[in-house]
Amino acid sequence: MVTLESTRAPGFLRYFRPEVEASIKMIGAIGLLSVVVLSLAWGYEQRRQARSWRQLACTYRLQDSVRRAPFMSNVLHTPDACATMDELGLKLDVPRLSPAADVSVDLPRAYRGREGS
């Protein structure tokens with residue numbers, strides 16, 4: 001007579017012992033959780049750095065504005081430079097890289113006759 005020690009439902013890890021199977025599942029769950037937590041932490045850090053760089057850019061822009069208009073020198077000591085710029089109606093303009101409206105090229109005389117060939 002043949003007896004089976006245990007009958008278990010077939011699964012992905014069915015040929016491991018139950019202790020090893022539980023350990024592998026636990027390691028997988030911890031790995032998945034750590035990936036989620038690390039990605040959230042990375043995103044938080046990137047957002048913090050972006051705000052810091054924006055604040056620095058606003059500070060430099062405000063200092064440049066005060067250099068051009070010295071009567072505004074009392075605004076330099078505010079804790080939030082971006083809010084101060086908004087109150088004053090100044091904007092942090094970022095130049096966009098775009099092609100010029102007229103992109104024509106003036107060819108030398110030697111090449112003007114060869115345009116069609």
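By the side-chain contact (heavy atoms from CB on, under 4.5 Å) test, R67 is found to be paired with Q63, D64, residues two or more places apart in sequence or in another chain being considered. Checked against side-chain contact (heavy atoms from CB on, under 4.5 Å), S65 has the following partners two or more places apart in sequence or in another chain: R61, M72, L90. With sequence neighbours excluded, the residues forming a side-chain contact (heavy atoms from CB on, under 4.5 Å) with E45 are R48, Q49, listed by chain and number.
Clustering of Ile, Leu, Val, Met, Phe, Trp and Tyr by side-chain heavy atoms under 4.5 Å joins L38 with none of the others. Within the hydrophobic cluster formed by Ile, Leu, Val, Met, Phe, Trp and Tyr side chains joined at under 4.5 Å, directly or through other members, I30 is accompanied by M26. Side-chain heavy-atom separations under 4.5 angstrom define the hydrophobic clusters, and the remaining members of the one that includes Y60 are W53, L56.
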Side-chain donor-acceptor pairs of residues 81-88 under 3.5 Å, sequence neighbours excluded:
{"from": "T84", "atom 1": "OG1", "to": "T78", "atom 2": "OG1", "distance (Å)": "2.9"}
{"from": "T84", "atom 1": "OG1", "to": "D80", "atom 2": "O", "distance (Å)": "2.9"}

